[in-house]
Novice: 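Input: one structure, supplied below.
Computed over heavy atoms, backbone and side chain alike; hydrogens, waters and symmetry mates excluded.
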Amino acid sequence: MSADEADFVARWKPKAQAGLRTALDLLFPPQAIDGGPRPMAGGFSADAWGRIRFLDGPVCDGCGVPFEFDPGDRCAACLAKPRAFDAARAACLYDETSRDPILKLKHADRLDLAPMLARWISRAARDLIEDADAIAPVPLHRFRLLHRRYNQAAEIARPLAAMTGTPYLPDALVRRRDTATQAGKSGSGRKRNVAAAFEVPASRRKQVDGLRILLIDDVLTTGATAEGCARALKAAGAARVDLAVVARVQAAAGLTI
């Protein structure tokens, strides 16, 4: 392809893609994820958008929990017992509204929702993204991946890396044990469940050595899974490991993840 042809494609490809999206919206009008009134574009209805508790205010730098006021960088829990990861951000609180697209992506093959959730993270974790050398998803065990057919964390991490121009490391981490589900377990039970479950393969250690890694997952509960991943990455030489998730739990009672 000549330079003129490449320039023509670069100028007209976005317009062609926009035109195609408009045509598809006319043929297949977007539906609200929450079942509410039809939105102008794919996503939530206006009412549902108003119910999502996006974390725009001050949050703990260590775990991402929201503060009612800004008392400092870290919450009391993180000051008392620092996490294995260095910092964390969540786009919103995990509640009755925000969990719907997360669970649809995770269990209902709604891969079309992943770019939207990646955009949420790109806004909430922009400071961590700016400092990151690479983005890596929390891995699934190969048996779980075979059953589910995709890793929801990777489906979010991939478009996030593309839209921010950050290198993507899809296989920097592996889950070497097929751990039981974390749902319903206490904080200590979750830690025991994922103890030594993650590792960086020997063939990937050079990929992470000395880098600042941004770890991506869908939901943060106790942080046990993310801490297991962070320990494995740091053991392989990562200089820093931060965490970014779509949502974090503030009060887990009554919510299924």
Novice: So which heavy atom on Val59 is nearest to which on Pro66, and how close?
Specialist: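 Scanning both residues completely, I find the closest heavy atoms to be CG1-CA, 3.9 Å.
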Novice: Would the distance check show the side chain of Ser98 and the main-chain N or O of Leu93 forming a donor-acceptor pair, the cut-off being under 3.5 Å?
Specialist: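 Such a contact is found between Ser98 side chain and Leu93 backbone.
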Novice: Keeping Lys104 on the side-chain end and Leu111 on the backbone end, is there a donor-acceptor pair under 3.5 Å?
Specialist: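 No, Lys104 side chain to Leu111 backbone: no donor-acceptor pair under 3.5 Å.
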Novice: With the side chain counted from C-beta on, respond yes when Leu220 and Val249 share a heavy-atom pair under 4.5 Å apart, and no when they do not.
Specialist: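 Sidechains of Val249 and Leu220: no contact.
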Novice: Of all heavy-atom pairs between Leu215 and Cys229, which one has the smallest distance, and what is that distance?
Specialist: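 Closest approach of Leu215 to Cys229, heavy atoms only: CD2-CB, 3.5 Å.
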Novice: To the nearest 0.5 Å, what is the distance between CG (Leu128) and CZ (Arg212)?
Specialist: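 Going from the CG atom of Leu128 to the CZ atom of Arg212 covers 11.0 Å.
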Novice: Would you mind reporting whether Val245 and Ile121 have side-chain heavy atoms less than 4.5 Å apart?
Specialist: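 Counting from C-beta outward, Ile121 and Val245 never come under 4.5 Å.
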Novice: Let me confirm one number: the NE2-CG distance from His141 to Asn151, rounded to the nearest 0.5 Å.
Specialist: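 Output value for this atom pair is 13.0 Å.
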Novice: What are the two closest non-hydrogen atoms of Ala125 and Ala244, and how far apart are they?
Specialist: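 Closest pair (atom of Ala125, atom of Ala244, distance): CB-CB, 3.8 Å.
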Novice: For the pair Arg83 (side chain) and Ala224 (backbone), establish whether a donor and an acceptor sit closer than 3.5 Å, ignoring hydrogens and angles.
Specialist: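 Here the side-chain-to-backbone pair does not exist.
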Novice: Inspect the contact between Asp218 and Arg99 and indicate whether a charged nitrogen and a carboxylate oxygen are less than 4.0 angstrom apart.
Specialist: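 Salt bridge flag = no for Asp218 with Arg99.
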Novice: Do Leu169 and Ile135 have side chains that get closer than 4.5 Å, going by heavy atoms?
Specialist: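 No, too far: nothing below the 4.5 Å cut-off.
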Novice: Where the side chain of Tyr94 meets the backbone of Val246, is there a donor-acceptor pair that is under 3.5 Å apart?
Specialist: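 A pair under 3.5 Å: no.
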Novice: A side-chain contact here means heavy atoms from C-beta on lying under 4.5 Å apart; do Pro101 and Arg110 qualify?
Specialist: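 Side-chain contact under 4.5 Å: no.
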Novice: Could you tell me the separation between the CD atom of Gln250 and the SG atom of Cys92, rounded to the nearest 0.5 Å?
Specialist: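 Gln250 CD to Cys92 SG: 12.0 Å, rounded to 0.5 Å.
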Novice: Surrounding CZ of Arg148 (heavy atoms of other residues, nucleotides or ligands, distance under 6.0 Å), is the total greater than 12?
Specialist: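 Yes, because the 6.0 Å sphere around CZ of Arg148 holds more than 12 heavy atoms from other groups.
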Novice: Is the shortest side-chain heavy-atom distance between Thr225 and Val138 below 4.5 Å?
Specialist: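 The answer is yes, as the side chains (C-beta and beyond) meet within the 4.5 Å cut-off.
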Novice: State whether the side chain of Arg175 and the backbone N or O of Ala197 hold a donor-acceptor pair below 3.5 Å, judged by distance alone.
Specialist: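 Side chain of Arg175 to backbone of Ala197: no pair is present.
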Novice: Mind checking whether Leu233 and Val174 sit in one hydrophobic cluster, side chains of I, L, V, M, F, W, Y counted as touching below 4.5 Å?
Specialist: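 Looking at the clustering, Val174 is in a separate group from Leu233.
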Novice: In plain terms, say whether Asp131 and Arg240 are close enough for a salt bridge, that is, a side-chain N and a carboxylate O under 4.0 Å apart.
Specialist: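 Looking at Asp131 and Arg240, the cut-off is not met.
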Novice: Does a salt bridge link Asp109 with Arg149, judged by any charged N lying under 4.0 Å from a carboxylate O?
Specialist: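 Salt bridge: yes.
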Novice: Measure the CE-CD1 distance between Met116 and Ile156 for me, rounded to the nearest 0.5 Å.
Specialist: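 Spacing of CE (Met116) from CD1 (Ile156) equals 9.5 Å.
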Novice: Among Asp217, Asp127, Asp242, exactly one meets salt bridge (charged side-chain N to carboxylate O under 4.0 Å, His left out) together with Arg89. Which residue is that?
Specialist: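 Result for salt bridge (charged side-chain N to carboxylate O under 4.0 Å, His left out) with Arg89: Asp127.
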Novice: State, to 0.1 Å, how close Ala157 and Pro137 come at their nearest heavy-atom pair, and which atoms those are.
Specialist: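 That would be CB-CB, 4.1 Å.
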Novice: Between the side chains of Arg204 and Asp171, is the shortest nitrogen-to-carboxylate-oxygen separation below 4.0 Å, so that they form an ion pair?
Specialist: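 Counted as a salt bridge, because a side-chain N and a carboxylate O are separated by less than 4.0 Å.
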Novice: Test Leu173 against Val200 for side-chain contact (heavy atoms from CB on, under 4.5 Å), laying out the working first.
Specialist: CA-CA 5 Å; Leu173 272 171; Val200 175; 4.0 Å; yes
Novice: Hey, could you give me the CG/CG distance between Leu103 and Leu105, rounded to the nearest 0.5 Å?
Specialist: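 Reported value, rounded in 0.5 Å steps: 9.5 Å.
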Novice: Side-chain contact test, heavy atoms from C-beta onward, threshold under 4.5 Å: evaluate it for Arg74 versus Cys63 and give yes or no.
Specialist: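 Arg74 does not reach Cys63 side chain to side chain.
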Novice: Do side-chain atoms of Asp86 reach the backbone of Val241 as a donor and acceptor pair under 3.5 angstrom?
Specialist: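 Present.
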Novice: Should Phe85 and Leu79 be regarded as members of a common hydrophobic cluster, given that ILVMFWY residues are connected when their side-chain heavy atoms come within less than 4.5 Å of each other, either directly or indirectly?
Specialist: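 As far as the 4.5 Å side-chain criterion goes, Leu79 and Phe85 are not connected within one cluster.
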Novice: Kindly give the heavy-atom pair with the smallest separation between Glu155 and Ala114, and that separation in Å.
Specialist: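 In terms of heavy atoms, the two residues are closest at O-CB, 3.2 Å.
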Novice: Specify the closest pair of heavy atoms between Ala134 and Leu211, including all atoms of both residues, with the distance to one decimal.
Specialist: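 Reported closest heavy-atom pair: CB-CD1, 4.5 Å.
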Novice: Apart from Leu145 itself, what residues make up its hydrophobic cluster, given side-chain heavy atom links below 4.5 Å?
Specialist: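 Direct or chained contacts put Leu145 with Leu140.
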Novice: Hey, does Tyr168 have a side-chain heavy atom less than 4.5 Å from the side chain of Arg158?
Specialist: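 Arg158 reaches Tyr168 side chain to side chain.
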Novice: Between Arg123 and Asp56, does any NZ, NE, NH1 or NH2 come within less than 4.0 Å of an OD or OE carboxylate oxygen?
Specialist: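 Looking at Arg123 together with Asp56, the answer is yes, because their closest N to O distance falls below 4.0 Å.
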Novice: With side chains defined as the heavy atoms from C-beta onward, is the minimum distance between Ser122 and Trp120 less than 4.5 Å?
Specialist: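 Sidechains of Trp120 and Ser122: no contact.
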Novice: Please assess Leu160 against Ile129 for the test side-chain contact (heavy atoms from CB on, under 4.5 Å), listing each intermediate value before the final yes or no.
Specialist: CA-CA 9 Å; Leu160 178 65; Ile129 294 169; 4.0 Å; yes
